[in-house]
Amino acid sequence: MCGNREGIYLGFDPGGYGKFGVAIVDGNCVKASTVSTVDDAMKWAVDECGTQQPKAAGIDTLLHWATCRSGMRPCDKLLRARYPEAQNSIMSPNSLFGAMARLRQKWPGLVLNEAHPKVLLHARFKRYEPKDSQSVEMAIRCFLRRGYYTESNIETEHELDAALSAWATQKGLAEDWVDIVGDRNNLLFPAGDVRYLWSEALEPRDVSFLSDSIPQVAGGSE
């Protein structure tokens, strides 16, 4: 039944035309879609929320910046050290923050959480190839089963990323996940304070992955 997990959570996977994933998690239900612009994403989110105010939003984009020479944030260094096989997807910040700015305009008190669904999937399942449709389908099935979602319309990689961003934000807040933003003294926050909730403490040391795995399709690569 929908609406039994104390609030609704939004998820966004900003991308190009026809590649902007949006999602809402409400109880046992997760609904997702793919749009093209920040305005489209905001309209979708506002329509889906109706009169309810979301508790938080997870966004698969960079929500804060570092002022150091390399531009590499403490959280990026931690993730690269912990998941070296996925380090190519962990990049220095750029200026794409339209989604979070619009969200804060609409809901000023909204908790904004940075998410990295592909690294999360890598950490959880070891092998995940977003360009392979079979791998994506298997990841969607695993996500819905582990999240106990009884209603869902997730079909694409971008919709999965958005749904995972919402899920990670919900779980991170509920279970007090580690905030890996780190020391804020040398960081910039264009839209105000944000979080980067991660499911485990990150240190540059060898820690075994969880045992579950998504089999990699022949010909795929990480």
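Sequential numbering from 1 along the given sequence is applied to the chain's residues. The analysis underlying the following values was restricted to heavy atoms, covering all of them including side chains, and did not include hydrogens, waters or symmetry mates.
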Test item: Phe12 and Asp161 side chains (from C-beta on) under 4.5 Å apart, heavy atoms: no
Check: Arg73 and Trp65 side chains under 4.5 Å, non-hydrogen atoms: no
Counterpart residues, side chain to side chain contact (heavy atoms under 4.5 Å, CB included), relative to Lys171 (two or more places apart): Trp167, Glu175, Trp177
Single-linkage hydrophobic cluster, 4.5 Å side-chain cutoff, Leu188 and Leu112 together: yes
Nearest heavy-atom neighbours spanning Ala41 and Phe20: CB-CE2, 3.6 Å
Test salt bridge (charged side-chain N to carboxylate O under 4.0 Å, His left out) applied to Arg141 - qualifying residues, sequence neighbours left out: none
Donor-acceptor contact present, side-chain Asp132 to main-chain Ser135, <3.5 Å: yes
Leu164 and Leu121: CA distance, side-chain angles, deciding distance, side-chain contact (heavy atoms from CB on, under 4.5 Å) verdict: CA-CA 9 Å; Leu164 278 166; Leu121 283 170; 3.7 Å; yes
SB check Lys118 Glu157 (cutoff 4.0 Å): yes
Backbone N/O of Gly18 and side chain of Ser36: donor-acceptor pair under 3.5 Å: yes
Non-hydrogen side-chain atoms of Ile59 and Leu103 separated by less than 4.5 Å: yes
Intermediate values then yes/no, side-chain contact (heavy atoms from CB on, under 4.5 Å), Leu63 and Tyr196: CA-CA 9 Å; Leu63 301 187; Tyr196 198 152; over 6 Å; no
Between CD on residue Glu129 and NE2 on residue His122, distance to nearest 0.5 Å: 12.0 Å
Flag, side chain of Arg104 to backbone of Leu110, donor-acceptor distance under 3.5 Å: yes
Which atom of Ala45 lies closest to which atom of Leu10, heavy atoms considered: CB-CD1, 4.1 Å
Non-hydrogen atoms of Ala23 and Glu159 that approach each other most closely: CB-O, 4.5 Å
Verdict with supporting geometry, Glu137 and Ile140, side-chain contact (heavy atoms from CB on, under 4.5 Å): CA-CA 5 Å; Glu137 289 172 6; Ile140 291 172; 5.6 Å; no
Nearest heavy atoms of Thr169 and Asn113, plus distance in Å: OG1-ND2, 3.0 Å
Short N-O contact, Glu151 and Lys31, less than 4.0 angstrom: no
Rounded distance (nearest 0.5 Å) linking atom CG of Leu144 with atom CG of Asn28: 11.5 Å
Residues that Lys19 engages under side chain to side chain contact (heavy atoms under 4.5 Å, CB included), provided they are two or more places apart: His158
Side chain to side chain donor-acceptor pair (under 3.5 Å) partners for Thr37, two or more places apart: Asp40
Trace of the side-chain contact (heavy atoms from CB on, under 4.5 Å) decision for Asn185 with Leu187: CA-CA 6 Å; Asn185 288 333; Leu187 300 176; over 6 Å; no
Side-chain heavy-atom pair Cys142, Arg145 within 4.5 angstrom cut-off: yes
Any side-chain heavy-atom pair of Leu160 and Phe143 under 4.5 Å: yes
Non-hydrogen atoms of Val30 and Ala163 that approach each other most closely: CG2-CB, 3.9 Å
Atom of Val181, atom of Val194 and distance for their closest heavy-atom approach: CG2-O, 4.0 Å
Rounded distance [0.5 Å steps], CG in Asp26 versus CD1 in Ile8: 6.0 Å
Geometric class of the His64/Phe189 ring pair [parallel <30°, tilted 30-60°, perpendicular >60°]: parallel
Residues forming a salt bridge (charged side-chain N to carboxylate O under 4.0 Å, His left out) with Asp39, sequence neighbours excluded: Arg102
Arg82 and Glu200, any side-chain heavy atoms less than 4.5 Å apart: yes
Interatomic distance, Glu155 atom CD to Ser133 atom OG [nearest 0.5 angstrom]: 13.0 Å
Residue pair Leu78 / Trp198, side-chain heavy-atom distance below 4.5 Å: no
Heavy-atom side-chain contact between Trp107 and Val46 under 4.5 Å: yes
Pairs flagged by salt bridge (charged side-chain N to carboxylate O under 4.0 Å, His left out) wherever residues 185-197 is involved - sequence neighbours left out: Arg184-Asp193
Spacing of SG belonging to Cys75 relative to CG belonging to Asp179, to within rounding of 0.5 Å: 9.0 Å
Value rounded to 0.5 Å, distance of OH in Tyr9 from SG in Cys49: 12.5 Å
